[in-house]
Amino acid sequence: MTEYTLKELMTLMAAREIRDGDIVFCGTGISMVAAMAAKYINAPNSIIFFETGAIDSKLEEIPMAVADPRVMFGAASNSGLLDAFATMQNRITGDHVIGILGAAQVDKYGNLNSTCIGDYSKPKTRFSGSGGACDVASFVPRCLIFMQHEKRKFPIKIDYLTSPGYLDGPGARERAGLMSGGPTAVITNLGVMYFDSETKEMYLAYYYPGVTPQKILDNMEFSVDISRAAEAAPPSEQELQILRERVDPYKLIL
Amino acid sequence: MTEYTLKELMTLMAAREIRDGDIVFCGTGISMVAAMAAKYINAPNSIIFFETGAIDSKLEEIPMAVADPRVMFGAASNSGLLDAFATMQNRITGDHVIGILGAAQVDKYGNLNSTCIGDYSKPKTRFSGSGGACDVASFVPRCLIFMQHEKRKFPIKIDYLTSPGYLDGPGARERAGLMSGGPTAVITNLGVMYFDSETKEMYLAYYYPGVTPQKILDNMEFSVDISRAAEAAPPSEQELQILRERVDPYKLIL
Amino acid sequence: MNLNQEKVMTLDKAIGMYVTDGCHISIGGFTVSRNPMAAVFEIMRQKKKNLHCYAHSNGTGVDELIGGGCLSKLEIAYGGNGKAAPTCIRFKSAIQRGDLLFEDYSNYQMSLRFHAGAMGIPFMATRSGLGTDIVNKWGFSKEMRGKDPKLPDKKIEIIDNPFPNWGNASRVVLVPAINPDVTIIHVQKADKYGTCRIEGLTFADADQVKASKHVIITCEEIVETDTLREKPEYNQIPFIHVSAVVHVPYGAYPSACYNYYDYDPQMLSHVSKFAKDDDLYQKYLEKFVYGVKDHQELLKLMGKDQLAKISADRRTGYATGLDRR
Amino acid sequence: MNLNQEKVMTLDKAIGMYVTDGCHISIGGFTVSRNPMAAVFEIMRQKKKNLHCYAHSNGTGVDELIGGGCLSKLEIAYGGNGKAAPTCIRFKSAIQRGDLLFEDYSNYQMSLRFHAGAMGIPFMATRSGLGTDIVNKWGFSKEMRGKDPKLPDKKIEIIDNPFPNWGNASRVVLVPAINPDVTIIHVQKADKYGTCRIEGLTFADADQVKASKHVIITCEEIVETDTLREKPEYNQIPFIHVSAVVHVPYGAYPSACYNYYDYDPQMLSHVSKFAKDDDLYQKYLEKFVYGVKDHQELLKLMGKDQLAKISADRRTGYATGLDRR
């Protein structure tokens, strides 16, 4: 079996969540690689679109930002932010969108912090802030979240709630006035977590080959159910080949 | 002195109200001819724009509708209704706009009816309805109103208030939440009425050569102050020439 | 929307599939330009009934739908059509007879309602209409609205500005979103997936499309996807919003299609003249609408000379010097 | 806006005239694309102070304005800049030190705020942010807002949907309009009156311009008015909104300008490296910003070879195969 990196497996775990016909809201970095990989592997009719207004771009090279001129080439249309977010906020197209997000912290309900650690007005560490993440998390029915599996990134309580997951549990999105939906999976360098359909709490669905469920628990502040966990299938030869030769040949991201 | 028609004089009376640098919101028919004439005569730097989204069109031929392809040619930009009305609703550009409207009825406060005569839901006579007239009348600081001078068109009470003038008098626009401003002049086939700055009531400013103030009063249901009225200057040779040779050579409107 | 199925189809199939009796519909264009007339005539031929129509100023098309007896409810800003019909004639008579339930808005309000629908929010705010009968007089009663889940609770709502010291506005008018079951627009160029390039003014077409559950595009030309994608910034509608694409040259006739053909002043006057009398209008329908199999047959009936007269000049995009008296 | 005066002027004159100490400003572009960098550097050279800046994701430009000490207040959705700076570095340190008053929004909320400003309404509604700290945590206190007429009453307002049975929404977030004193954008083509044609994505540039009292356009090319008017539908900004037009080739450098040049990955990395240390950043400023008279001198300093590397490929609009590691 071919060697692979955990980053490659992470990317593929995300790609496998994308269904044919999905409209994929894409950020930068690994999320863009995952969306591009899905188009080549399992979801040829999925469509990648960017909050900047480009839809179904011809991605000959990996864009390094959602405003990279590479997203403007060969698109079905180039508009702006207002149109892009409307596509997610309206239910006609929005219900077909899957978002891919990253964050500095995630809690057990999939709420994300990408704003700061410490006090909001004078934080210990400041991050970029929401960008479109809060919007995507507010609007779309399915979301994938990329995380590095470290204790401080899976805290009991996040320092700032930038992007809504299930807020404080079942029914909370609806009570707040958000559209239903919410995060689908948290994909890390160790495994994949889903959310229980009843409790809306994160549980372990997959651990990667060579990783134990216990190791995953050791890298989180809160505990998750591991009773439903199974070992993830390693990357196939074909998946790796596509990833390495077609998606990111210059190793810009992976 | 050259002969002229009352329609020609009406057109010129309106053109004379347009100032250099005005952005002129233009409808069809005589209002378009007036706006075009002003550009040639007294307001070369005025800009004609249409609710359909065309701005500063190159009007080689008279458009017969605001969506006529003739307004799309040589414009600074072709957008849509949303942009056009925003240009009037926002105060940065909106305060420079002068609107030109027509109607089936006008009352002494310059409120317009272009919707119906009789009961709204089953009217005796139905007209086209607001179109953009209500929007323009709501947003812009100055408005010219073209009318035929007939008793039934100047009633005590209009059957339906389509486009706001001064509503029921001083301060009423502000109380309703409208932007200040309101109609500037009512231009008819007999004369020109302005609005008193205190009472907001219509008064006679000009009567055309050969028309008496009394004749004007005879053609209105309500009475207006005629004490400030003066005879209008007839069209000059140059004005008529521009109107006939450059603006409407095929007599499509005049 | 429709991502995966084959989208190119015949007009009769597209209308048959997406325009169902009683559905809520909007059409593109404005007065004499880019009304999807081929589609309108096909709706009339298929005798669709009880449609609920949303219009800003879609003169030519809406008046024919009324004349054909297809509409039972209408929300509209402007029923006029340029010189040929300062007030649309079948619209006027239907309302005066009480044959149509209708409600009046302004053009901006209707545009905002489509914009809200496209954005997926329940309403948009404006300062247009305060103090007018557009706000005060409703065409659909509160009771009727309560019973019909496809009608908003209210025609319009006025609220105090929630930011009292901001925007120099004491109060605003809120107009409810529109999300039609189907929107039909006619464009110059589309690809087989439904990506559209509109030339000239776009009116409110893009928002109407994005607000709509189903979308039929009729077009002058179906062009290669790669061609449209050389300049993605000039494509106002990406394919994800579109359900069906139909190739119909002269599909806006007798309204204009910028860069392709002008409106036909003779035909518009002819229709207006006939529309003023019920019997004459029936004769017009029998000959020009029901009497032809499809739009191609109507064009044949009009004749090549007539079409040549309105052919657009390359420089101006319209028929320069066309006799429009 | 400015209808009549001469609009073409030098950059130092335009910045001197329209960017005044303490004014409220927004700039165009998004992260690595079409930031009006020549104008940003000129603002820094002119040592403008206490600016209040509105940004969605204007990475490159906003971070330099912060680094140059020009900003005292910032309303922002995203302070990141692609690979070179996942979090903008001077932004990060200014906030961590408490050197900057700031307030967070989402990208859509900021876009809607510009849209509201352009439309002349006090607010826009969205369903984004309900239940989050973006709604709950304010950067500017109620007291501060009460004292400053240039700040809206509230950061955000949540209201129950006034159309309870419409739009499937129980409540909505209202975000207040933005009307900057001045907006600066960089575009590919403009005419001398300020009509603009943007190629590629427009981001929120058009709304930022239309919401603004004064507008400075910097452009790669000043083209003939007649040329732009051959295709008016491709001009996103008509001249009536524009105060000043400045011809600045490479005016977005080191960010990208689609169809003209790519972003400069080396320069962006270089800036990021230097930005991490206060002394190094001062050295960077002395050399590349204060040490040059104008943007042309900066370009000379960068050298022809460096500019050639990022020159856009005709087919793709970016520098195909550019080394971006």
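A note on names: the letters A, B, ... follow the listed sequences, proteins ahead of strands, and every chain is numbered from 1.
- Heavy-atom proximity under 4.5 angstrom to chain D picks out C:Tyr108, C:Leu112, C:His115, C:Met119, C:Gly120, C:Ile121, C:Pro122 from residues 106-122 of chain C.
- Heavy-atom distances place no part of D:Arg229 under 4.5 Å from chain C, backbone and side chain included.
- Side-chain contact between C:Tyr258 and C:Arg34 is absent, with no heavy atoms from C-beta onward closer than 4.5 Å.
- For D:Pro149, the part lying under 4.5 angstrom from a heavy atom of chain C is the backbone only.
- Closest approach of C:Thr225 to C:Asp191, counting heavy atoms only: OG1-OD2, 3.0 Å.
- Contacts of residues 167-176 of chain D with chain C at a heavy-atom distance below 4.5 Å involve D:Gly167, D:Ala169, D:Val172, D:Leu174, D:Val175, D:Pro176, listed in sequence order.
- Of all residues spanning residues 150-157 of chain D, those with a heavy atom less than 4.5 Å away from chain C's heavy atoms are D:Lys150, D:Leu151, D:Pro152, D:Asp153, D:Lys154, D:Ile156, D:Glu157, arranged by number.
- Side-chain contact check for C:Gln208 and C:Ser26: at least one donor-acceptor pair (N or O, by modelled atom type) lies under 3.5 Å.
- Residue D:Pro232: no heavy atom, backbone or side chain, is found under 4.5 Å from chain C.
- Looking at heavy atoms from C-beta onward, D:Lys189 lies in side-chain contact with D:Tyr260 at the 4.5 angstrom threshold.
- Looking only at side-chain heavy atoms (C-beta outward), C:His56 and C:Tyr78 stay at 4.5 Å or farther from each other.
- Between D:His52 and D:Tyr54, the ring planes are tilted. Angles from 30° to 60° get that label.
- Heavy-atom distances place both the backbone and the side chain of D:Glu199 under 4.5 Å from chain C.
- In this structure, D:Tyr193 and D:Val242 have side chains that are not in contact, with every pair of non-hydrogen atoms separated by 4.5 Å or more.
- Within residues 124-131 of chain D, the residues having any heavy atom less than 4.5 Å from a heavy atom of chain C are, in residue-number order, D:Met124, D:Ala125, D:Thr126, D:Arg127.
- With hydrogens and angles disregarded, no donor-acceptor distance shorter than 3.5 Å links the side chain of D:Thr320 to the backbone of D:Asp313.
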